[in-house]
Protein chains: 2
Amino acid sequence: MKVTLDEIAQALNVSAMTVSRALRGASGVSAETSARVREYARKVNYRPNLAARALAAKRASVLGAIIPNLRHSFWLEMVMGVEQVAHESGYHVFLSHSADDPVVEREEMWTLVGRRVAAVLIASCDPDGNADTIRDLVDEGVHVLMFDRHGRDPIVPGVYADDVGGAARATEHLVSLGYRRIAHLAGDLKFSPARARLSGYQQKLAEYGLDPIVQEAGFGEENGYLGMQALLRRARVDAVFVSHDPSAIGALQAALNSGLRVPEDVALVGFGNMDCAAHVAVPLTTVDQPRTDLGHALARLALRIIAGDADPSTTVVLPTGFVVRKSCGAHLRGRTP
Amino acid sequence: MKVTLDEIAQALNVSAMTVSRALRGASGVSAETSARVREYARKVNYRPNLAARALAAKRASVLGAIIPNLRHSFWLEMVMGVEQVAHESGYHVFLSHSADDPVVEREEMWTLVGRRVAAVLIASCDPDGNADTIRDLVDEGVHVLMFDRHGRDPIVPGVYADDVGGAARATEHLVSLGYRRIAHLAGDLKFSPARARLSGYQQKLAEYGLDPIVQEAGFGEENGYLGMQALLRRARVDAVFVSHDPSAIGALQAALNSGLRVPEDVALVGFGNMDCAAHVAVPLTTVDQPRTDLGHALARLALRIIAGDADPSTTVVLPTGFVVRKSCGAHLRGRTP
DNA sequence: ATGAAAGCGCTAACAG
DNA sequence: CTGTTAGCGCTTTCAT
């Protein structure tokens, strides 16, 4: 809280500049001086004032990340991936979230600008509604990257999972197990991943000449529960591909509560491979998103963009995995594609 | 990224000071001038440089929070509680975590000091091992508060859940359902909550003249699974009170895998009420921690300490709740205390 | 109610 | 290799 560069400089009879250089590991200091400085600094518990440093250097070695909420471990695992790569390059990560509120999100974006972060990484809770703000940031010269979800047209570089491919894979799996009345509980279609997953499902059904049965359900357990109820009321189905694991868990609950057996009466496949997917009443077969890898890729892309050696329209798409558990009935139907 | 106080001042023919005051809502500006300034600032998308502000003001309106990891929604819900109260007072929250590494944790503490945060809130991954560092911070004049867990002797103010009471309540519940061979799967006893829960369990058993059966298991599913296996191997038990929900889920799995029915053959009660406790194979009866309230209390205490009007040895303990589901067998034994 | 001066602690850009 | 000179953009203090 106290000791400054100047104090160290005086104590050691060198200039503040020398101390600064030594402590940052910059070149232009003799090994001996550097060692003396570092030792003394450690001894007196010196901590650079990061505010002063950011001000003088006109930039902070910081990546600002904005996620929609703190409720979903998916976001946090991505952030951990970002941190790993960031730290290797001497960057810190400021984590903000909007509590799913577009207004808060805008505020957080500007706050990060106020902190002069090197780049803003955002998974927006309203990709289209806040597109203008993102454009404003870009106009101010801020590096912005999106992840997981994007607006109708991509205005900044980004990193995403292969939602179409993952959905196609899940659907294919169900088809290959012999199911024919395969429905889809779609997520909120205002988000690109929900649209992409719907699309992957549709493509695959079309490929096999099967009829799509789509029920829009939105996000979360509650909506999954309600959506599944609605679906069961209006259609007879063999199997359901659910757009997100939390909804899938709600859907599972709804099926069981209606006296249906899972997977015997209705099979279920989710998307996301969230933590408790393996532990729910009927362990969930699901598409696995490479969370940590997505974070790595995002940080790497951000760093390259900051350094100016990446095309500012780069989009990275990472392939998904697939985890077969009980809810799809593969263990009963003896096929694991 | 560009416009500064001075530019606004020039454009409006006032001094930078006036602009500063107007924008911060400080006194000493006529309502009219203030309005003009604010409008213009909004028009040009002015964002104060927070680094400059922190430097000049010698302090940032920021609370630094350090949690052990990003894997447990418990921490994040607490942080959300902290944020709510902090925002009301114009404070931001910097969130850091140590990935359960004491060395990283020390580093993060000093980094927060370097950012001149108004206070450091920490749930340490090594409360005793890092006690010296915490003491160093205090010596440097930094306000430090602990939460959830503390070292052997409390050196700073803190906010905790009533672990003893919660454990006693859980144990009492099992006793009242008629179980007599009640075991405890303890957590890592290097953490105060694990010690407190063990103690609550022991007290309650003693009260009823029952013999304690304690198995140390540590944290996490894997350890819960292993611990339960070990316990089942060495003792015949009616019921098990598990120190943490994740371990309880592992324990549940272990019991089911050994062919035991839950709760018919062995009842289970957890601690924490984590998100998926309601959705696991056998919905988990568990002690509920008031996560958000803990966060609120923590932020409020921090703010009072910063303002200098709280005894720096204050400890806040919040009562826990209790959620009865299937794993305890209350629905079979027809008693809900 | 407003402004001028001074400096927060650090680093960039030049000197030497 | 080392030091000097200027600020970075804001707030504090003290005038007016």
Side-chain angles (χ1 to χ4, degrees), chain A residues 1-38 40-41 44-62 90 110-111 113-118 140-141, chain B residues 1-38 40-41 44-62 90 110-111 113-118 140-141:
Chain A
M1 210 77 165
K2 298 280 159 48
V3 36
T4 68
L5 268 193
D6 277 309
E7 288 167 22
I8 298 185
Q10 287 184 7
L12 262 37
N13 267 315
V14 293
S15 75
M17 224 22 243
T18 301
V19 178
S20 170
R21 286 196 263 252
L23 259 21
R24 276 178 300 148
S27 67
V29 198
S30 73
E32 193 208 1
T33 311
S34 179
R36 264 177 64 222
V37 169
R38 299 169 98 102
Y40 185 79
V44 298
N45 244 321
Y46 169 75
R47 281 282 129 178
N49 182 325
L50 267 13
R53 175 176 286 180
L55 183 59
K58 291 184 169 169
R59 60 193 193 77
S61 290
V62 171
W110 286 116
T111 299
V113 174
R115 295 196 192 289
R116 302 299 188 265
V117 298
E140 301 252 8
Chain B
M1 211 77 164
K2 296 282 159 44
V3 36
T4 69
L5 269 191
D6 277 308
E7 288 166 25
I8 298 185
Q10 287 183 7
L12 261 40
N13 266 316
V14 292
S15 75
M17 231 11 255
T18 300
V19 178
S20 171
R21 286 197 262 253
L23 258 22
R24 277 177 301 149
S27 67
V29 198
S30 72
E32 193 208 359
T33 311
S34 178
R36 263 177 66 221
V37 170
R38 300 170 97 102
Y40 185 78
V44 297
N45 245 322
Y46 168 75
R47 279 283 129 177
N49 182 325
L50 267 12
R53 175 175 285 181
L55 183 59
K58 292 183 170 169
R59 56 192 195 78
S61 290
V62 171
W110 286 116
T111 300
V113 173
R115 296 198 192 288
R116 301 300 187 269
V117 299
E140 300 251 9

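Owing to the predicted nature of the structure, the values given are computational and were not obtained by experimental measurement. Protein chains get the first letters and strands the later ones, always in sequence-line order, with residue 1 at the start of each.
For Arg21(B) and dC10(D), the CZ to P distance is 15 Å, given to the nearest whole Å. Rounded to an integer number of Å, the gap from Arg59(B) CZ to dG7(C) P is 21 Å. Whole-Å rounding puts the Leu50(A) CG to dC8(D) C1' distance at 15 Å. Per the geometry, CG belonging to Leu23(B) stands 14 Å off P belonging to dT12(D), to the nearest Å. If you take NZ of Lys58(B) and P of dA6(C), they are 16 Å apart, rounded to a whole angstrom. To the nearest angstrom, P of dC8(C) lies 18 Å from CG of Asn49(B). Spacing between atom CG of Leu5(A) and atom P of dT4(D) amounts to 15 Å, rounded to whole angstrom units. The distance between atom CZ of Arg115(B) and atom P of dC10(C), rounded to the nearest whole Å, is 14 Å.
Taking every side-chain heavy atom of Met17(A) into account, dA12(C) is the closest of dA12(C), dT2(D), dC8(D). Of the candidate nucleotides dG9(D), dG3(C), dT2(D), dG3(C) has the atom lying nearest to any side-chain atom of Val14(B). Listed nucleotides: dG9(C), dT2(C), dT11(D). Nearest to the side chain of Ala56(B): dT11(D). Counting only heavy atoms from C-beta on, Leu55(A) has its side chain closest to dG9(D) among dG3(C), dA13(C), dG9(D). Closest to the side chain of Arg53(B), from the set dC10(C), dC10(D), dG3(D), is dC10(D).
Distance alone, capped at 3.5 Å, places no donor-acceptor pair between the Arg116(A) side chain and the Ala54(A) backbone.
Proximity of Ser30(B) to the phosphate of dT2(C): a side-chain N or O atom is located under 4.0 Å from OP1 or OP2. Within the structure, a side-chain polar atom (N or O) of Ser20(B) is placed less than 4.0 Å from OP1 or OP2 of dT11(D). The phosphate of dC10(C) has neither OP1 nor OP2 within less than 4.0 Å of any side-chain N or O from Arg47(A). Side-chain N/O atoms of Arg24(B) include one lying less than 4.0 angstrom from OP1 or OP2 on dT12(D). Close to dT4(D), at under 4.0 Å from its OP1 or OP2, lies no side-chain N or O of Ser15(A). The side chain of Tyr46(B) places no N or O atom within less than 4.0 Å of a non-bridging phosphate oxygen (OP1 or OP2) of dG9(D).
Considering every non-hydrogen atom in both Leu55(A) and Ala52(B), the closest pair reads CD1-CB, 3.6 Å. Closest heavy-atom contact between Ala16(A) and Ala9(A): N-CB, 3.5 Å. Minimum heavy-atom separation, Gly90(A) to Ser61(A): O-CB, 3.6 Å. In this structure, Val3(B) and Val44(B) approach most closely via the heavy-atom pair CG1-O, 3.6 Å.
As judged by a 4.0 angstrom heavy-atom cut-off over every strand, Ser27(A) is placed among residues making no nucleic acid contact.
Comparing Asp6(A) and Thr18(B) by the nucleotide of DNA chain C whose heavy atom lies nearest to each, the residue mapping closer to the 5' end is Thr18(B).
Looking only at atom types and distance, the side chain of Thr111(A) has no donor-acceptor partner in the side chain of Arg115(A) under 3.5 Å away.
For a distance-only test at 3.5 Å, the side chain of Arg116(B) fails to qualify as a donor-acceptor partner of the base of dG9(C).
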